[in-house]
Number of protein chains: 4
Amino acid sequence: MRKQPRQRRSRRMVDALIDATAQCITQYGVDGTTTPRIAECAGVSVGSLYQYFSDKDALFEALGEKLAHDVARALKRLPLPESANLHDLVGGAIRFGFDMLNSREGLFLELIRNWHRLPTARVADVLQGHFLELARLYFIKHHQKYPIEDLQVRMFIVANSTLFTMVRQVSQDEGLLRQEDVAEGLTNMIVGYLGGETGPSR
Amino acid sequence: MRKQPRQRRSRRMVDALIDATAQCITQYGVDGTTTPRIAECAGVSVGSLYQYFSDKDALFEALGEKLAHDVARALKRLPLPESANLHDLVGGAIRFGFDMLNSREGLFLELIRNWHRLPTARVADVLQGHFLELARLYFIKHHQKYPIEDLQVRMFIVANSTLFTMVRQVSQDEGLLRQEDVAEGLTNMIVGYLGGETGPSR
Amino acid sequence: MRKQPRQRRSRRMVDALIDATAQCITQYGVDGTTTPRIAECAGVSVGSLYQYFSDKDALFEALGEKLAHDVARALKRLPLPESANLHDLVGGAIRFGFDMLNSREGLFLELIRNWHRLPTARVADVLQGHFLELARLYFIKHHQKYPIEDLQVRMFIVANSTLFTMVRQVSQDEGLLRQEDVAEGLTNMIVGYLGGETGPSR
Amino acid sequence: MRKQPRQRRSRRMVDALIDATAQCITQYGVDGTTTPRIAECAGVSVGSLYQYFSDKDALFEALGEKLAHDVARALKRLPLPESANLHDLVGGAIRFGFDMLNSREGLFLELIRNWHRLPTARVADVLQGHFLELARLYFIKHHQKYPIEDLQVRMFIVANSTLFTMVRQVSQDEGLLRQEDVAEGLTNMIVGYLGGETGPSR
DNA sequence: TATGAATGAGGCTTCATTCAT
DNA sequence: CATGAATGAAGCCTCATTCAT
């Protein structure tokens, strides 16, 4: 009970630093997000940064984890209409994805672009777990049998295809293609892949 | 008559620098590829590097363009069996893609991963043009009518989905998923998308 | 009566801090011994550290003094056999020295190595006084006349020669020379110097 | 033949940096010798420092090696009178040592004090080799048989005793003991040890 | 032209010490 | 008194780029 104030103070600092990191990333990009800038952005000295995070990477990791949880929560809140057919479901997810990428001044966009240089192990775990859970729920509800054998391969393909195609679409400064069209196309592709025949060729 | 040698010398130097850049990238990654290293790798002074390239980015751009042309040439040489059905065609392309990503000690892999930080406008143009041309040829040969209206959208989706899913697959150090399975899955998804009904849902 | 507890508390804190300093030195070396670490090691806040010690150096000084007293006490307890000839006496002292250097996980070793960077004035006083006293006792017991004139010089030479040679020996990671041999050699040298003719050359 | 100017330039820079390091050490001590200061002292940018030395330690190493060679050269030039008896020889060496320690504004003093924190492997090799050679020459000239068995132990003891006793003497700001007396005492001790009976006790 | 020495801003991180609670 | 969060100067090192030769 006596530690509360301290913990709350700590928590506030940690949050401030994570938020500052996010802000720097949207403002200067991942490359331009330096420890001095983060500290300044948080209105704090560099020393404080290192009191709460062992490392610049630790900050990125914390930010990633926080965002992953935010996304997971938002996903959970997505209305999954009982009667939803696969097309609406996938379409909804993709629109949700585009919304995310367009939100927060491109924070997610920049993070996903730099995926391979960031400490993403934890984040990936969180999200993957969530998506697999969603898929399982869906299949259990709509089909007794679901392709458990290659579910992982399918999820991998679907997730990455969707994600990076969206990233690329949003990254195109000039609106060469309309987001609506890309969303629709992606949806069709995914639905066709997940819902249709699965045998090789034929 | 006296200019030839000079120009040839120039050409050789430019090539050496571009090759050195590629070598540095495979060896040290994009981040570890510094101008002094490139110069040393090319057996040339930094000064010379800046004589021929205004900028580090210019070098990357030149490398990208060169590789794009290499890839385009290789694509052209791909045997497209007259009788090829769509599945074999796409499957072949995907296998070609995996081969590329696994070739040259991961050079393409590293470059595509860092896509957004590199000057890729020209490269994208070259490759996109090529793919569109391929698609047009295919459709002209096999279908009188081809969906010219949303061909660009489809190519965009297919290209990016395939490319980044492959990159992610090859990036996974631990072989969680077998490349064969991913290739097969991707192929099925693409074929289903390109070859099947195209109307929105229904 | 109300002050007692406070003073006892103070004493305990001071001791804890000094012990923590010693522990940090053995664990991280003199360079790695930071005030935050000491405080943490002592289970105390940095602030408290500065309540009791004006300065990091003050802590080192206190540690030095404490250890000097420990050593002095241990020296006093050394059995000085009545019949001891000089060789046994010196040999015993040197073995005692090696034991010290090898004890406490190298605490003394590390401190003596860093002699010149630490506040050692007081320590030197304590030890020097002790050694001179020992010497005086010995000479009084065994020789009526003792070279009071250059006793200080001799003690200085003997003490430093022995000490730093031992330190260097113990510092050698690879056991190039056997400690036994060095101890024997040192003993011979010292005995020869203290016991033999003292005139210049001859 | 065309590389000369460059090499000379390099050589000059390297020398300037090493000299600057020496100067910083005498002026600010080993702890106060920072890379920015060294660079400034040499009238050069930090970057240049790192063009010639991979590391701060590399600089210290180079300085050490240079000084070791200087000392070795000076030792070689020492007049070793044919007729020298051991006392004069050792006395000369010790006086030479004191001269060194008092020279160059205490550069050697500070370096030897910080022996254990500096990269001294090479230096030790150079000097040890030199001293062993000297010893061999002496013994060969003066005694057919020389105690080859424990020569290493003896040299180790003599060298360290002498060196660190001298260092401690010169370090004493207040001239508690006269250097002359310490030199004489050391000489006597060494001569007694090296020249006299060597059997254990007796 | 070719060279490569030189630059210096700027990145990451540490730690002795203070001060508001 | 005790606390420990906060500070910020300072250390080490990198690298894109320039410029005198």
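Just so we're on the same page: letters track the sequence lines, and every chain starts at 1. Excluded from the calculations below are hydrogen atoms, water molecules and symmetry mates; all remaining heavy atoms, backbone and side chain alike, are included.
- A donor-acceptor pair shorter than 3.5 Å can be found between the side chains of Asn114(A) and Glu110(A).
- Applying the Watson-Crick and G-U wobble criteria (two distances, each under 3.5 Å), dA20(F) pairs with dT3(E).
- With rounding to whole Å, Ile38(D) atom CD1 is found 13 Å from dC13(F) atom C1'.
- Both Pro36(B) and Gly32(D) sit near DNA chain F, but only Gly32(D) has its closest nucleotide nearer the 5' end.
- At most 12 heavy atoms of other shown residues, nucleotides or ligands fall within 6.0 angstrom of atom CD in Glu40(D).
- Comparing atom distances between the Met13(C) side chain and each of dG11(F), dT17(F), dA2(F) picks out dA2(F) as nearest.
- The distance between atom CZ of Arg37(D) and atom P of dA9(F), rounded to the nearest whole Å, is 16 Å.
- Between Thr35(A) and the phosphate of dG11(E), there is no side-chain N or O to OP1/OP2 separation shorter than 4.0 Å.
- In this structure, Leu17(C) places its CG atom 10 Å from P of dA2(F), rounding to the nearest Å.
- Atoms CD1 and CD1, on Ile38(B) and Ile18(B) in that order, are 10.5 Å from each other to the nearest 0.5 Å.
- Ser171(A) and Arg113(A) are linked by a side-chain donor-acceptor pair at a separation below 3.5 angstrom, with hydrogens and angles left out of the test.
- Figure legend. dC13(F) is base-paired to dG10(E); pairs are counted as Watson-Crick or G-U wobble with both atom distances under 3.5 Å.
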Exercise. Going through the distances and angles, do Arg117(C) and Asp31(C) end up as a salt bridge (Lys or Arg N to Asp or Glu O under 4.0 Å)?
Worked result: CA-CA 10 Å; Arg117(C) 308 197 281 151; Asp31(C) 281 322; 3.1 Å; yes
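- Annotation: side chain of Val123(D) is not in contact with side chain of Leu111(D) (no heavy-atom distance under 4.5 Å).
- DNA chain E is contacted by Val46(A), Gly47(A), Tyr50(A), Asp55(A), Lys56(A) of residues 40-61 of chain A, taking any non-hydrogen atom closer than 4.0 Å.
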